[in-house]
Every structure is written in structure tokens, then in C-alpha cells.
Amino acid sequence: MTEPDTSRLERLSGVLKRRGILLPAFEIHGGAKGLYDFGPVGGRLRNRVNQTWINHWLSLGNIVEISCPTVTPYAVLEASGHVGEFSDFMTICNSCEEASRADTLLESYHPNPDSLTKAELQSLLDQSQPPCPACQAVDWSEITAQNLMFNTTIGAGASGRPGFLRPETAQGMFTSFPALYRHNRERLPFGAIQVGKGYRNEISPRQGMIRLREFNMAELEYFINPHVEPSHDFSPWQDSKVSLIADREGEVEMSFKEAVESNIIRHATVGYFMAKTYDFLEKVGIDTQRIRFRQHESDEMAHYATDCWDAEIHGSYGWVECVGIAHRGCYDLESHEKATGKSLRARREFSEPQIIETDGWTILGAKAGPAFRALAGAVKTAVELLPAETSFPHQLTLPSGEVVTVEEEHVKRDQRTESVTGEWYIPHVVEPAFGIDRIIWHILDHAYDEEGKDGEEYTIMHLSTHVAPVDFCVFPLFEKDGMGELAQSIHAVLCSKPNVVSMYDSSGSIGRRYARADEIGVPKCVTVDHQSLEDQTVTVRDRDSGEQHRVHIDAL
RNA sequence: GCGGAUAUGGUGUAGUGGUAACAUAGGAGGUUUCCAACCUCUUGUCGCGGGUUCGACUCCCGCUAUCCGCACCA
């Protein structure tokens, strides 16, 4: 691990601000904590990263992209567990005004205070009277819930419903499950991706881009049938060993395939997405030597997850988790099903129909109903458990203890043969969730290079061509003899191409213009010189090698 | 949220109870046959609010933001 170089970090932040990549938001009004602007260069960079991410997953072939609202009704996030999960119960010391978490204070008075409700915490606090960790006083304010979600009201006045800004994009994918299932012709596995904003009202955002109150996230929810053994082709990653920090085995270096086969990664689909994540990070320019995967410990794992890995990237702030890849089981769909009563299931057909033969008795509603009144339901259940050879009248003892006599006229014979061809099950979900801002930070951190050129500082952003915000800079060697006009027309042609960004620059010396382009990571610079006027060729200069070669204008 | 430090052109820094300097960057022009060269001219600054004072960028208070610990979060 390299020692943190704070002066490098400061110079990098300076470049990002000066060149319009990353800036504190609303600065003319004094700024706002945890909120950042992507500037005229950064905005494009963010878009390129998002687009690269989308294309990366769409290439799997069974992935669709959706976009759901950020404003989310209370009930949705209550069902998902966020209303409870994202709350902390706080109490304030009336003596020194230090805020403490109620469950932390009560740790020595209860085996698991985290599980208590607000009222239970309050009465336990009143009983046990723990001292303030800061000033030792025992004088606590009433417990209040502090939720990390931004709340709002959807609609005005009396018709307004409570809601939140979403803390993650995932819930939109779960609530859209019926439409996704239909779109995918009711066949699993399939996935849905979404790129968008998430919001968390952090108590204390820190470290620039690492913890934000509004952040860019990109999530894939991949729905699988838990009855089918997953099979994935790990051969593309056969030769690359990755650093894994496993819960039980500790730090190991091995291929994804080995990790899955030795059950360090407990689910093959989780392993496959870890490998795809590794590819994505490499594609956008993250140094693969500075990637590692860390498995969540059992007690750290979110309550729904059965295996969870973080992709961590090393940069100026040390190791930072940038991607979480979690096997969420059926938790999310089941939660929304319970809350709404709507089916969020998929159908699977058995390989052979299951034949269910029924030979017994059931009640004759028209007679048994009036006879047993309120007990009729219990009688029906009991009668259906009787063997076929039972004779009536028959004495039945109901679970409630009551004894009834069932006459022959109350029952009828029930003989059926049913063929069950399949069943409805709740799909399981594997979720890779990407913190785009954290990834962009590390792209910039890894790309930022201060090389000494003749003793002077010289800055190059070695950005991947996938994400570089500007593709070409076009320069006239001098703005005279028609070189300016020719360069302008080349610039115009490049700009008119889809997904190509070109900048025209004619001020200062040619060297200065190359330097400006290098600072924001422009991969190729096109220069029009005297020869261009004669034979319609230009020089193309490569950012990283500095090499130039001459190309015809039409070949650009 | 607590404790400590900080806040001066776009960026990086000086400095003073009498409204500010240096470097760099930016613009216009000149010069130059390809990697921050040079010349001339030029643009632009004391985080916000209140107080003390004849006068505050400077001193005091509050706020906001940034950085570092702690706590929180994943």
C-alpha cells in the first residue's frame, strides 16, 4: 500500500476544479455538503462511464434497461425494509449535548438492542439509565428516529402522501417485475439495469466523491431460478488471478473459476458477475493491480444476503468499496409480495408431471354447513384427512377440542387424479450495484499522471478511450494562410459524427495546446500545418506516446 | 453530531485596522515550421451574515463550506 500523498490529492483536486471536471455544487451560494457538480468536461465523462456500463451489461443478451422515478412512495420503501433499516434511534445528552445511538448505549443491558422498537428502547433506556460516554451524566432526551432517507410529500395538502427520494435504484426493478417477466417471455434468467441518482441524507459526508448525499448509481438485478444449477463460462478469465479477501479463508490469489469451484465464492452467478465487474473496471481505465474483492462477514452482511462481495479499488483514500455484488435470495420480491398481495413469481414446469391421487372424503357443503355452522371449516379440514375406508357416522375431535359427530349425509366421497405440471416460485436475485461516482473518482485518480518534463510539472490524464470526455482536439499550426479555416472545417466534420466530441483550439503555442489537451485526457490531437494545405493530410498525435503520424483528412 | 485547523483572482499562494500582492491560468494582438518559448495590451480576488471601529480582508460572534481525528455509514 502506498502512503497517502495529500499534496498529490490537492493538485489533482485543483486540476479537476480548474478544468471543469468536478466542482463543489452551488458554490456561489456558499456550497452544499455532499453535493458535487460534474462540469463541462466531467459531465461528458460521467455520461461515457454510464454508457460504457450500460453497453457492458446489454452485451449479455438477456438484459433490459429501465428507468424508474427517484420519488418513491413510503409504502414501497417500507416493504423493502428501508424505513426500518435506514433509521437510527438517537438520543441526546441533556448535559453535554452529545448525540448517541440508543442501541449502542444499551448494548450491555440487552443481548441485541438493535432489534428493539423505539418504544422498547425508550423503556429500556429509562430503566437502565446508562451514563453518557462523553460526560458520564445520566440525563437523556427522548429517543428520536433519524432516517437516512430524504423525505418528501407526494402531492399537496390533505391528499399528499409521504414519500422518500430513493436510497437505491433497485426497488424500481423489483416493483417492475411483472412487466419485466412478461417482456422476457416468462423465461428466466434475465436481468434489468438502471442508471440513475440515489439519495442518502448522510450525517457527515466526507472525502469528496466517496460519500455523497446525492450520488450516481448503476444497478443490475439478475433474476434466476434457484432450482437450476447455474453454469457460467469462466474461460475468459482463466489466466487472470485476482485478489480475494474471503470471510473464512482470508486473503487469497486465484482465478474466479478456482474460487467458485472451491466454494470461496458460494454462488457461480455471483462469481460470474464479479468477473464481469472486473472486466468493466478494466475497460474504463481502473488499474487492475489496484482491484480486490472482499467478502462480507456473516454479521456484516445485510439481512437478506446469502453471499456478498465488494469490489474495492485502491486510490488516494486507501481501499474504497465501489461495487457490491450480492446474492439477495428471494428477499426483495417476497417482501413486495407480502406487502401488496400481488404475485411476483415465475413459473417452472416439472420435468415430469406430478400425479396426485386423492382418495378420501370431503364435506357436502349444503348439509354440513347448516349442521356445523361456525365449526364447518374445521370439520372440513378434519374430514379430508380421514382415510378412504372410514365409515359414518364418525366421531371427530377437532383441534379446538370440541367433539362432533359427522353423519353420512354430511360427507361425500372425494376421488380424483390430478396432474401437476409445474409450480410458481419466487425468483432469486443476484445484484451487482455500482457506485458510479466512486468509480469515476478512481478513474481520475489512476489516470492522473504528473510527469516531469524538463524539470517542470506536466499533467496527463491517461483516460481510457471508452470514457475520455473529448475525443479529438483540432489545432491549426498557425491561424493564417488558410490553416485556421481548414482546421475549423475538420473540427466541424468531426463534431457532426455521432458520439464524437471535438474541440478547436488556436490560442497559444502549439505546445501549450497539446498540454491543455493532455490535462483533460484527449487521446488524439489533429494538427493542420502548411503541408495540409497542399495534400489534405494532417498530423495525428497520440496522447500517451507523443508520436505523430500523417493521415489523410478523409481517414479521420 | 463532537473536537481541532482553515477560508484572499479560474488555480496555487503572500500580506496589512486605512479596500490588496506574486506566480500561474484566461482574452486580444504580434512573433514562431509541432510539445506549457517570447513581446505588448488586458480581464479578474478577501466565503456569507452580524458586531466592535471614524474606518474591518485583517479583531470578535454566528453561519456555511473544506481538511484532520472521533462517532456514524457501507
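Throughout, a chain's letter reflects where its sequence line sits, starting with A, and its residues are numbered from 1.
- The distance from atom CG of A:D529 to atom C1' of B:U32 is 14 Å, rounded to the nearest whole Å.
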Verify side-chain contact (heavy atoms from CB on, under 4.5 Å) between A:Q194 and A:E221, making sure each step is shown before the conclusion.
CA-CA 9 Å; A:Q194 182 166 193; A:E221 305 301 328; over 6 Å; no

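- Under the Watson-Crick or G-U wobble criterion, with both distances below 3.5 Å, B:A28 is paired with B:U40.
- The separation between A:E27 atom CD and B:G9 atom P is 10 Å, rounded to whole Å.
- Rounded to a whole Å, the CD1 atom of A:I210 is 20 Å from the P atom of B:C72.
- For the pair A:L23 CG and B:U11 P, the interatomic distance rounds to 9 Å; values are reported in whole Å.
- You'll find that the side chain of A:R516 is closest to B:G26, out of B:G26, B:C34, B:A74.
- For A:R18 and B:U24, the shortest distance from a side-chain N or O to OP1 or OP2 is not below 4.0 Å.
- For A:R541, the side-chain atoms get nearest to B:C35 when compared with the rest of B:C35, B:C34, B:C72.
- Here, B:U33 and B:G47 have their C1' atoms 48 Å apart, quoted to the whole Å.
- Here the separation of B:G18 from B:U53, taken at their C1' atoms, is 12 Å to the nearest Å.
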Worked verdict on A:R541 versus A:D518 for salt bridge (charged side-chain N to carboxylate O under 4.0 Å, His left out):
CA-CA 11 Å; A:R541 176 260 201 186; A:D518 287 341; 2.8 Å; yes

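- Comparing the P positions of B:C68 and B:U13 gives a spacing of 15 Å, expressed to the nearest Å.
- A sub-4.0 Å separation between OP1 or OP2 of B:G26 and a side-chain N or O of A:R512 is present.
- Ring pair A:W53/A:F280 is perpendicular by interplanar angle, where above 60° counts as perpendicular and below 30° as parallel.
- Taking atom CG on A:L477 and atom C1' on B:U32, their separation rounds to 9 Å, with Å as the unit.
- Atom-to-atom distance recorded for A:I439:CD1 and A:M209:CE is 10.5 Å, nearest 0.5 angstrom.
- Comparing B:A36, B:C35, B:U32 by their nearest atom to the side chain of A:K480 picks out B:U32.
- When the nucleotides B:A74, B:C72, B:C34 are ranked by their closest atom to the side chain of A:I510, B:C34 comes out on top.
- For the 3.5 Å distance criterion, the side chains of A:T288 and A:E282 fail to qualify, holding no donor opposite an acceptor.
- Between the side chain of A:R543 and the base of B:C35, no donor-acceptor pair under 3.5 Å is found.
- Atom P of B:G62 sits at a distance of 27 Å from the matching atom of B:C72, rounded to the whole Å.
- Per the geometry, CD belonging to A:E519 stands 19 Å off P belonging to B:C35, to the nearest Å.
- For the pair A:V528 and A:G34, nearest-nucleotide mapping onto RNA chain B gives the more 5' position to A:V528.
- Contact annotation for A:G324: no contact, since no heavy-atom pair falls under 4.0 Å across all strands.
- Nucleotide B:C22 forms a Watson-Crick or G-U wobble pair with B:G12, both donor-acceptor distances falling under 3.5 Å.
- For A:R513 against B:C35, a side-chain-to-base donor-acceptor contact under 3.5 Å is absent.
- Between B:U66, B:A74, B:A28, one nucleotide has an atom nearer to the side chain of A:K33 than all others, and that is B:U66.
- Straight-line distance from the NZ atom of A:K17 to the P atom of B:A25: 19 Å, rounded to whole Å.
- The nucleotide B:C72 finds no pairing partner, because no Watson-Crick or G-U wobble arrangement with both distances shorter than 3.5 Å includes it.
- A distance of about 15 Å separates the C1' atoms of B:G26 and B:G12, rounded to the whole Å.
- Spacing between atom CG of A:D437 and atom P of B:A74 amounts to 18 Å, rounded to whole angstrom units.
- Both A:D505 and A:V538 lie near RNA chain B, and the one whose nearest nucleotide falls closer to the 5' end is A:D505.
- To the nearest 0.5 Å, atoms CE (A:M503) and SG (A:C495) are separated by 10.0 Å.
- A gap of 13 Å separates the P atoms of B:A21 and B:C46, to the nearest Å.
- Residue A:Q531 is classed as having no contact, given no heavy-atom separation below 4.0 Å to the nucleic acid.
- Remark: the separation of the P atoms in B:A5 and B:C63 is 15 Å, to the nearest Å.
- Under the Watson-Crick and G-U wobble criteria, each requiring two contacts below 3.5 Å, nucleotide B:U66 is paired to B:A5.
- Look at A:S509 and you won't find any side-chain N or O under 4.0 angstrom from OP1 or OP2 of B:U32.
- Remark: B:G17 base-pairs with no nucleotide; criterion is Watson-Crick or G-U wobble with both hydrogen-bond distances under 3.5 Å.
- Taking atom P on both B:A25 and B:C39, the two are 12 Å apart, rounded to the nearest angstrom.
- Nucleic acid contact class of A:F478 (heavy atoms, under 4.0 Å, all strands): base.
- A:W441 and A:Y317 have tilted rings, their planes meeting at an angle from 30° to 60° on a 0 to 90° scale.
- For B:C59, the paired base is B:G51 (Watson-Crick or G-U wobble, both distances below 3.5 Å).
- A:T539 comes within 4.0 angstrom of a nucleotide base, judged by non-hydrogen atoms across all strands.
- Under the 30°/60° scheme for interplanar angles, the aromatic rings of A:H428 and A:H327 are found to stand perpendicular.
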